[in-house]
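Following: one structure in structure tokens, then a few remarks.
Nothing here was measured: the structure is a model prediction, and the numbers come from that model.
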Amino acid sequence: MAQKEECAKLVLVETHPSGIRVCILSRPTKRNALSQALIDELLLQLRRAESDEEISCIIITGSGGMFSAGADIKEISQLDAEGAHQRRYLEDLCNGMRSVRKPVIAAVEGKALGGGFELALMADFIVATTDTSFGLPEVTIGLIPGAGGTQRLTTAIGKYRAMQMVLLNEPLSGPEALKVGLVATLTEPGHALEAALDLAKRLASQSRSAVILAKGAISDDLGQDEQYERSLYYTAFGTRDKREGVAAFLEKRPPVWKHLE
């Protein structure tokens with residue numbers, strides 16, 4: 001039986017047997033969009049789990065049948081290049097996830113889009129369902145991925161399929177993600193967390209020190225590539241197409257691209 005704990009309502013926290021900590025993104029009316037406040041709370045919970053000697057594995061999942069629809073577009077709609085650069089939440093998220101030495105599992109139900117997909121890509125394992133959809137649709141609003149998505153996705157599935165997903169906004173289904181090696185376990189809708197808990201229990205039965213050392217040996221540090229991606233992401237915030245794309249999204253209409261910087 002999971003033990004529920006007090007925490008900010010944007011990230012619900014449960015502790016399961018075998019030292020498994022579950023962090024649940026909880027903005028169901030906003031499709032668990034990654035606001036600054038939600039990211040800050042998630043990073044706080046990750047730090048707590050990392051420092052808790054009783055915790056062996058961390059699971060991140062979403063509420064309401066949705067992992068995350070990505071960035072909170074309304075929150076970033078007024079940002080220009082300088083404003084986007086000053087908000088360090090993407091860098092904080094990347095660094096925060098990278099600093100977690102314990103294994104992290106993303107249990108994905110429904111859609112994982114934009115920053116939500118990038119968050120899943122930061123995990124060590126992705127568990128998904130047959131109706132899951134992964135995508136990086138930033139180009140449709142005049143932006144690009146900015147939390148390591150272009151780098152991690154290319155590493156995971158190869159340059160050409162990554163190009164299709166990023167440049168053409170072509171999503172990847174759960175079965176397709178399993179086929180290309182992006183997903184570790186595929187299960188039926190409604191059972192992603194259950195499957196992730198089974199995987200976490202298997203991890204918890206191993207030597208914790210060996211698991212941590214092995215994760216450190218396998219994990220790739222994107223380093224300068226990730227920073228370069230983020231610099232291009234900030235640049236995109238200064239373009240006319242970004243302003244038009246975000247406005248069109250919020251106004252629920254097709255964008256009219258000017259193709260100008």
Side-chain angles (χ1 to χ4, degrees), residues 1-5 7-18 20-35 38-39 41-43 45-46 49 57-73 93 97 100 103-138 145 147 149 152-153 156-157 165 169-203:
M1 178 69 71
Q3 174 188 350
K4 294 203 173 185
E5 305 175 2
C7 61
K9 61 183 179 180
L10 293 177
V11 179
L12 306 179
V13 176
E14 296 177 352
T15 300
H16 290 250
S18 301
I20 301 167
R21 179 66 51 80
V22 179
C23 297
I24 306 168
L25 310 180
S26 185
R27 295 185 75 200
T29 61
K30 301 295 185 181
R31 302 197 300 166
N32 300 325
L34 302 180
S35 64
L38 186 149
I39 289 174
E41 178 60 25
L42 176 61
L43 292 175
Q45 298 303 337
L46 291 175
C57 185
I58 303 165
I59 297 173
I60 301 174
T61 192
S63 61
M66 161 79 77
F67 187 73
S68 173
D72 188 319
I73 305 301
L93 178 61
M97 287 289 288
V100 178
V104 179
I105 303 170
V108 181
E109 294 275 358
K111 295 182 183 298
L113 303 176
F117 184 22
E118 291 181 289
L119 174 60
L121 286 168
M122 295 177 200
D124 303 303
F125 300 88
I126 299 178
V127 173
T129 64
T130 54
D131 67 347
T132 292
S133 179
F134 298 100
L136 292 171
E138 286 88 347
R152 291 188 177 87
L153 185 62
I157 68 174
M165 291 189 70
N169 183 31
E170 290 188 3
L172 198 67
S173 70
E176 289 172 328
L178 179 68
K179 185 177 181 179
V180 298
L182 184 68
V183 165
T185 301
L186 192 69
T187 187
E188 293 301 312
H191 295 280
L193 180 55
E194 178 184 346
L197 286 168
D198 287 342
L199 177 57
K201 289 174 186 175
R202 290 169 58 194
L203 287 165

- Task: Taking all heavy atoms of Ala195 and all of Thr185, pick out the closest pair and write down the distance.
- Result: CB-CG2, 4.3 Å
- Message: Under a 3.5 Å distance rule, please check whether Thr61 uses its side chain to pair with a backbone N or O of Ala107 as donor and acceptor.
- Response: yes
- Query: What distance do Leu153 atom CG and Leu182 atom CG have between them, rounded to the nearest 0.5 Å?
  - Reply: 7.0 Å
- Message: Could you work out, with side-chain contact (heavy atoms from CB on, under 4.5 Å) as the rule, every residue matching Leu113, not counting sequence neighbours?
- Response: Lys111, Pro137
- Taken to the nearest 0.5 Å, the spacing of Ser35 OG from Leu25 CG works out to 10.0 Å
- Within the side chain of Ser68, is there an N or O that forms a donor-acceptor pair under 3.5 Å with the backbone of Gly70? yes
- Task: Sequence neighbours left out, what passes side chain to side chain donor-acceptor pair (under 3.5 Å) with Ser133? Give chain and number order.
- Result: none
- Query: Hey, are the side chains of Glu41 and Val13 touching, using non-hydrogen atoms and a 4.5 Å cut-off?
  - Reply: no
- Starting from the C-alpha separation in whole Å, work towards a yes-or-no answer on side-chain contact (heavy atoms from CB on, under 4.5 Å) for Met165 and Ile157. CA-CA 10 Å; Met165 291 189 70; Ile157 68 174; 3.7 Å; yes
- Message: Using modelled atom types and a 3.5 Å cut-off, is there a donor and acceptor pairing between side-chain atoms of Glu109 and backbone atoms of His191?
- Response: yes
- Message: Taking side-chain contact (heavy atoms from CB on, under 4.5 Å) as the criterion, tell me which of Leu199, Leu203, Val104 meets it with Cys57.
- Response: Leu203
- Out of curiosity, Arg27 CZ to Lys9 NZ, how far, rounded to the nearest 0.5 Å? 10.5 Å
- With sequence neighbours excluded, residues passing side chain to side chain donor-acceptor pair (under 3.5 Å) with Ser173: Glu176
- Item | Minimum-distance pair of heavy atoms, taken over all atoms of Glu138 and Gly115 | OE2-N, 3.9 Å
- Does any donor atom in the side chain of Ser26 or Asn32 lie under 3.5 Å from an acceptor atom in the other side chain? no
- Report yes if some heavy atom in the side chain of Val22 is under 4.5 Å from a heavy atom in the side chain of Leu197; otherwise report no. yes
- Message: To the nearest 0.5 Å, what is the distance between CG on Leu12 and CD on Glu14?
- Response: 7.5 Å
- What pairs with Phe117 under ring pair (Phe, Tyr, Trp, His ring centres under 6.0 Å), at least two apart in sequence or on another chain? Phe134
- Look up atom CG in Leu93 and atom CG in Leu38, then write down how far apart they are to the nearest 0.5 Å. 10.0 Å
- Under the side chain to side chain donor-acceptor pair (under 3.5 Å) rule, collect the residues that match up with Asp198, sequence neighbours excluded. none
- Note on the structure: On a heavy-atom basis, the closest approach of Gly149 and Pro145 is CA-CB, 4.3 Å
- Task: Pick out which of Val127, Thr129, Thr130 makes a side-chain contact (heavy atoms from CB on, under 4.5 Å) with Leu186.
- Result: Thr130
- To the nearest 0.5 angstrom, please state how far the CG atom of Leu172 sits from the CG atom of Leu136. 10.0 Å
- Any side-chain heavy-atom pair from Leu119 and Leu42 closer than 4.5 angstrom? yes
- Under the 3.5 angstrom rule, does the side chain of Glu118 hit a backbone N or O of Ala147 as a donor-acceptor pair? yes
- Message: Do Thr132 and Phe67 have side chains that approach each other closer than 4.5 Å (heavy atoms only, starting at C-beta)?
- Response: no
- What residues form a side-chain contact (heavy atoms from CB on, under 4.5 Å) with Ala49, not counting sequence neighbours? Arg21, Ile55, Ile58
- Task: Kindly determine whether Ile105 and Ile60 satisfy side-chain contact (heavy atoms from CB on, under 4.5 Å), including the steps that lead there.
- Result: CA-CA 6 Å; Ile105 303 170; Ile60 301 174; over 6 Å; no
- Message: Quick check: do Ile20 and Ile59 have side-chain heavy atoms less than 4.5 Å from each other?
- Response: yes
